[in-house]
Amino acid sequence: MTITSHDNVPTTVLDGAVKDYSRDKVYVLTAIFLAVLTIIEVFTYAAPDFPVWADELLIPVLMILMAVKFFTIIYVFMHLKFDKPILTRIFYMGLVLAVLVYIAMLSTFRIWFDGQHG
Amino acid sequence: MAETLTSRPTLAEADAHQAHAHIDADTNTGISNTKLGMWLFLASECLLFGGLITTYLLYKRPLEGPTPDEIFDIPFTSTSSFVLLMSSLTMVLAVSAIERGEHQRMRVWIGATAALGATFIAGQIYEFTVFVREGLGFTTSRFSSAFYTLTGFHGIHVTIGIIMLVSLVLLSLRGKIPEHKAETVEIVGLYWHFVDVVWVVIFAVVYLIPS
Amino acid sequence: MALTEDRPLALPSGDTDDGYTPTGVFTRPTAETGVRSWFTTVDHKKIGIMYGAAAIFFLIIGGVEALLIRMQLWAPRGSLLSANLYNQVYTMHGTTMVFLVVMPIGAAFANYLIPLQIGARDVAFPRINAFSFWAFLFGGLFLNTSWIMGGGADGGWFMYAPNSGVIFSPTHGIDFWNLGLIITGIASLTGAVNLIVTVLNMRAPGMTLMRMPIFTWMALVSQFLLLFAIPVLTSAQILLMLDRGFDANFFNVQKGANPLLWEHLFWIFGHPEVYLMILPAFGLVSEILPTFARKPIFGYPFIVFSGIAIGFMGWGVWAHHMFVSGIGPISVTAFSLTTMFIAVPTGVKILNWTATMWGGKLRFSSPMLFSIGLVTMFTIGGLSGVMHSVAPMDSQQTDTYFIVAHFHYVLFGGAFFGFMGAFYFYWPKAFGYMLNESLGKANFWLMLLGFNLTFAPMHVLGLQGMSRRIYTYDAGYGFEFWNKVATIGAFTLASSVALFVFNIFYSKSKAKNLPPVGPDPWDSRTIEWMVPSPTPVYNFDPIPTVTRVDDFWYRKYGETKDGKLVRIASTAEVAQQRTDGKGIHLPSPSYWPIVLAFGLPIVGYGLIFSLWLALIGGIIVVGGIYGWVMEPPDDPDAAHDDHGSDAHASDGGDAAVTDSKDAVKEVETVG
Amino acid sequence: MQRLPKIVRILAVISFTAVVVLFAALIVNSFQNSGKPLTSLAPQGPSAESIQQLLVPVTSIAAIVFVLVLGAIVFITWKFRERTDSDPEEFPSQVHGKTTLEIGWTILPALILAGIAVGTVMTIINLNREEPNSLNVQVAGQQWWWEYKYDLNNDGNFDGPEDVTTATEMVIPAGKPVQVTTTSHDVIHSFWIPGLNGKKDAVPGLRSPLKLQADEPGVFRGQCTEFCGLSHANMRMLVRAVSSSEYDAWVKNQLKDHGADPTDPVAAEGKKVWLSLCAQCHVIDGINDLKMKETPPPLVAGVAPNLTHLMTRGTFAGSIFNLYEPVASDGEALPMSDVAAAGDPGAALTGGKVDTASVNRVTLEAWLRNAPALKPMYPQGGRGMPNLNLTEEQIDQLVAFLETLN
Amino acid sequence: MLSSRMFTTAFRFFAGLAVFSLIAAFAVGLTSETQSLMNRVLGPLTLGWKGGVGNHFAYTIFLGLAVAAAALAGLLIAFRDADPDAEAQIVHMESVPLTRAPSGVNYLPALGALAFVLMLIGLATESGGLTMAAIAVMVVVAFTWTVRTWAERATGDDHTNAELYHRFIDPFRVPVISILVIGLVAIGLSRVLLSVSKIGSVWVFGLVALAFFLIAVLLALKPSSARWVTTAVVVIGAIAIVAAGIAGAVIGEREIEHHGSETHSSEGAVGLHPGDPVEIQGGTSA
Ligand code: HEA
Ligand code: HEA
Ligand code: CUA
Ligand SMILES: [Cu+2]
């Protein structure tokens, strides 16, 4: 963390730019992108035999789609992309910690091997 | 590491100057306290939802009663996922509007966000009612408890979000959200998007991955 | 935010008719002194003091519970407590000591010291700060009211399922435990957000992160631990609440529940929890040792980074509490190894403290004695920790008194010794008088003796087979002698605590005849010692500019090239004078934090006894939140400029857009 | 106030000496393990021995580290203390750190720990190695006693007709490995025989392995170590290791049932009482074992101790009372016996005659009179044995009947 | 702060009234009850939770009076009624203009009347829910009305009056309105969804959301359009949802097939189910 106390940064980076709708366009496009991804997700259910996600690949595909959606929302809608990096770091601390810790915990339940846990 | 002998009585003068000479950024990080606070809160919410999602994953195969595959109505849940996703769009447009100082437009977008959120909740009430009718009570099996707790908890988050949104509209109508408080909208927005992001995870992990 | 205000606002000057607020209870309260001011204060110093006072109150409760335990175990087949009562007493003892004593004392120091050490006027969200305190206090009281409402919790402080279910514990004790800790959890979480934001955002000019005093660093790390650990416990407690109150199946084995789920969730919280209890004490000792050794802390960056490392590694070791729970040899091995290596960063700290003393000019005032006590006693506890981390050995030791010995050595010998030292160290700063030194030293030696008499025998008791959490033991197992020693020790310990309490009052009565303590009685190093004692409400006037670690020390002293120290200014020259504080804007007191916090235990009682009561509590909470949000951002009396916008805003719409530009920074939305 | 500093100095000396003496006494005491039936420092089986082999070096390392740290601190505080005659403006040299040194004492503990880690991993592997030809026993905890099921024909099922179910005491052949599986019928308990191995939690719904082996015949005590509610303190276990021939005889006797009516008329009366009251919870093979499968007892755990061969046990009720008392010289047994020395069933263990003279009737009768008064239990919640309000006559009859259950 | 200026005459009157009614209620309860002394004391103190309160009617009247007077006293102290200083401080003026008659419409009487009628309907049809809801609305109306009439006459300045009113009412009104909005949509819409077919529910759900979204887009694209347009859209939307919800409720739920028939045998521990009673037969007592 390199936070120096005297960065001359305005409170909100998004300030100013009065009557600037260009960002709105980005938002709409992002939403469309997200919608498309969601449609693909739904297709994994509607057409389970589609070669891309048949059998073992289903879960990886879903996880990737989920991750892309997840990060798109936090980066664009939640402005992490435009904001100070410290926010990203703080959020990642929680996120990564949660993912690691809970995966480790599920592993001790041997949940990844079918039918063994319980 | 020794430092050369420094004479520092001038420091007191430097201090005295500092207090009046203004610091341009309000804060050391350049981020307002409330926004930083909200992000910290959201980071900690990851562990809260993580715990509930983990519990669900552990318990998703019930010993008795309906199983997830039997019970889920994917077309319906997909629609409600869309609804929540689009509410994120309207939310971000509201933030963008207030940053430009367009109060009326901001209220419209926030109103739309709240309405879509309420629609999502309606969908959840519907879904829960149907599941209960189909024989999946809260106490039926380990799966049912875990499922209702996780999604219900998310639903409570959405509800709190809607309350905040409607309150924003009402306050804005009373002129309590002037430009310099535009950040309040952004912060409520952060919360809203986070709730959406949690649903993205729930939708994939709970609904789409077959058990 | 309101603190970095560019609009100069006066402190309410004392000459107007004090205490008269024309608009009644719906304005912000103004009292700065007197009993009432404590209920509405948002001053981090007052809140810190209240945290400390409440913690000492709970210490006496928890201590009396400990004495009951020891009296029951004085001889085989003790008959002072019934089995049922004993189980409640030890559960509440553990819970009280952990959640209502050690954590709040950490919070007390963090609250009092962080703003002072980083050169801020208050914390980032003063009202949330007050709320955190009240929620903690009400949560703690709520928890303890279980004693008069059907008995305390009886499942042990980690409340393993399914023994915590309604079938096995049909009284409401566990409900009180569960809801009470959810409430204190809310307090800790909001407190953590608050203090982290404070440290990150509100440092004085020049106070970079690597110039922060070590206590602030350690407190920051422990607040991060809280931030991430509390929600894990909360999620587990939600499951327990749903199980107990609403027949869910999370811990219902008939329906295929796995009792290890609770164990995992609890310890994922629980282990970070034990480190967040010790780290503030580590930080305090790192302030005290250099002061009394009269040389800088040895290896500042190593101390800081080992603290951060402890914070991180603390997340990967939780299952060492579950070595024998049946998690399987691979998990056992993995967690055994991760646990062991946590000794490395901790060892760095111990050795760096030792090196700090090396070559110093050691003055053995009471704070120093307690700090040395921590270094040695914690090492014993830490080493027995390493012995547990060796999983096969732990399979013999777990759930015996050997464990009890370990955690009292780290918690009492570590955290509590550190806090005692810090009480002696910071007492003059907070209250303007010194605690008596002779009594202080007597206090130390008595405590050291009592502590070791109480807990050292438990090592041997444990290894020789005494199980923990037993209300009775039989003759013939060889437990009699050391139990008697431990009981004697516990009473010695109690007398040392009593001596401390006595010292407080004794010194206060003597202080009137003594000259006032200056800002810097110990010739210390960090900038909190620049301000007059007791600390004025506004903390600093003016805010200092910081140029290096131990800034205050180097205002007094300079170093030659070969590391020789030379005095360059007298303390009086560089310390700040008490000013009238005019022109400094401070956050106004508020009623809402206490109102909001008051609603929480009512919701708690409601969930236990009647949902209608919960509704009433809920209305108080919601009304509290909205009252809070809509509260005039500042006390109108304290404002110089016109708050006109409020008056004509009622027709709604964009009218308020006309707000004058200079009001822009007057934001205090939630703080 | 004037004299206080002196008092303080005396206090300091007393405290310091007392602590040193205390530590010395503790160290000495930890080597004295005779007469301490629960000690974990006197291993009597291979598993416990391999733990001991780890304990000795690890504890020594810990002790050395402590002595070094403490020694350094005592030395430093002595050497560098501020002298009364020193110049107040004289300051020690201001060392801010020494990176090499610090890296050194980061790496050194890491190396020591790496050594400990190797030993740890090896021991874990060793403790988990499966022994061929071991005896399989399922140990189930419930509030507040233990149930043992022997899978004698090694078919993986503990409830077959060739298998044995018993309670409270576990009988094993000395020198032979026993593969224990722990589980529970209600809450979490922990099975611990310190002389033979470390503990293993008994978790409901879970089955966890634990290896036991006794080198020599003998009686090994244990104590439930996971808090399990009201009478956790009164939940002990007892392992009786016997020679293999004695073990075979014990098994043979255990496989017999007690369907036949007792010859003694008092005992026959007792059997009637037993059938009307006790049979709703307890099983005696050959009398109500089949019926019990249909109507399980009104207990949360779903089982009460199997009484078929009650008199083959030396203790009862979670091993906290002696069932056989070494006959006291004045003929009077204490109601609360000194259970550290476990009662001995003598010949009854293998089905021989019950030595009625040495049966601890006082406690057994007290138990039947009002069990919850002897051992805190919660019968109204289905946990523990209730007070059945028996008459003295019924009690006598019942005891006579129970005494036939060899 | 609790200086004597705090206690206005009006406050003293109401506070006194409250205390005396409370004492009266207690006295009535105590004297007209016939149970044991303990219950007679406890009864009136615990609102009849433990013990009895004797003459219900008189007790309730006095207690109600006490509560009402206490509320008024609280209100007065909260706003320093009749203290010109207080009002002046709100308007940031040296003194306050004189009071004059209130202006503006007041829809509360109508709402109250509606609630009253609904309550009658509820009583007549014996539907407890409706009655309770109507009573709740009436309480809210009474409360709001009181505050409002008080605020409308507080000073002669409408702005000040409105500000006073909002200060008090907003912390209650804002959350209540928010919850109502959600409740309305969530409950109304979910009734509709339950009454249509399974496929239909997806369509209805999607279309409603789409409608919300499109209306918002339209409104947002023309933000200049008069405020009443927005208001009208919101009102019409609310009415539509309520109407649809009622319709849905009347039609009732569709047939939903029950799944949970095949129960897998429980593999868990043997034992009692939590609910089962434990019965132990005792022998002849000694
Ligand atoms: C302040 C609180 C605190 C702290 C700091 C610690 C520190 C440690 N603890 Fe402790 N622990 C508790 C509080 C704490 N613990 C509590 C409350 C419990 C019981 C909970 C319950 O069951 O109720 C517990 C239980 C507990 C267990 C579970 C025991 C069981 O129930 O079976 C284990 C197992 O591994 C363990 C290990 C450790 C280790 C390895 C450390 C390490 O961090 C210690 C590191 C320190 C040192 C090692 C000393 C200094 C180092 C040197 C001088 C360097 C050289 C050293 C070597 C080369 C070895 N602890
Ligand atoms: C920080 C934490 C902390 C602290 C400080 C203590 C302090 C003490 N503890 Fe405790 N303890 C725990 C945390 C702590 N404990 C935990 C977590 C458990 C596990 C619980 C569980 O298993 O669930 C435990 C369990 C525990 C046990 C094991 C119980 C069992 O397993 O059956 C025992 C037994 O001796 C014990 C003893 C003591 C004693 C004698 C003290 C003494 O140090 C107390 C000394 C203090 C006082 C005595 C203060 C009171 C002073 C007075 C009364 C006189 C002054 C009065 C006035 C001036 C008015 N504790
Ligand atoms: Cu069984 Cu403790
Ligand atoms: Cu731990």
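Letters A, B, ... are given to chains in the order of the sequence lines, protein chains preceding strands, and every chain is numbered from 1.
Between B:Val92 and A:Val76 the shortest side-chain heavy-atom distance does not fall below 4.5 Å. Considering only heavy atoms from C-beta on, B:Ile209 comes within 4.5 Å of A:Met63 through its side chain. The closest side-chain heavy-atom distance from A:Lys84 to B:Thr29 is not below 4.5 Å. Between B:Leu85 and A:Ile73 the shortest side-chain heavy-atom distance falls below 4.5 Å. B:Leu58 places a side-chain heavy atom less than 4.5 Å from the side chain of A:Phe109. Proximity of B:Val201 to A:Met66: side-chain heavy atoms (C-beta onward) are separated by under 4.5 Å at one or more points. Counting only heavy atoms from C-beta outward, the side chains of A:Tyr45 and B:Phe72 never approach each other to under 4.5 Å.
With a 4.5 angstrom heavy-atom cutoff, B:Met91 does not touch chain A via any of its atoms. Using a 4.5 Å cut-off between heavy atoms, A:Leu95 contacts chain B through both its backbone and its side chain. Heavy-atom distances place no part of B:Ser44 under 4.5 Å from chain A, backbone and side chain included. In this structure, the portions of B:Phe194 lying under 4.5 Å from any heavy atom of chain A include both its backbone and its side chain. For a residue to count as touching a neighbouring chain, one of its non-hydrogen atoms must lie under 4.5 Å from one of that chain's; by this rule A:Ile39 touches chain B with backbone and side chain alike.
Separating the CH2 atom in B:Trp39 from the CG atom in A:Asp83 is a distance of 8.0 Å, to the nearest 0.5 Å. How far CG of B:Leu36 is from CD1 of A:Ile86: 6.0 Å, rounded to the nearest 0.5 Å. Between B:Leu208 atom CG and A:Thr44 atom OG1 the span is 5.0 Å, to the nearest 0.5 Å. Taking CG of B:Leu40 as the reference point, atom CE of A:Met93 lies at 8.5 Å (rounded to 0.5 Å). A distance of 8.5 Å separates OG of B:Ser88 from CE of A:Met78, quoted to the nearest 0.5 Å. Within the model, atoms CZ of A:Phe77 and CG of B:Asp196 stand 8.0 Å from one another, a figure rounded to the nearest 0.5 Å.
What you find for A:Tyr27 and B:Ser96 is that their closest heavy atoms are CE1-CB, 4.0 Å. Minimum heavy-atom separation, A:Glu41 to B:Ala204: OE2-CB, 4.3 Å. Nearest heavy-atom pair across B:Cys46 and A:Ala98 is O-CB, 3.8 Å.
Here A:Asp24 pairs with B:Arg100 in a salt bridge; the nearest charged N to carboxylate O distance falls below 4.0 Å.
Evaluated for a side chain to side chain contact (heavy atoms under 4.5 Å, CB included) with A:Val42, the options B:Ser81, B:Ser78, B:Pro75 yield exactly one hit, B:Ser78.
Enclosure of atom CZ in A:Phe43 is not indicated, since only 12 or fewer non-hydrogen atoms of other residues, nucleotides or ligands lie within 6.0 angstrom.
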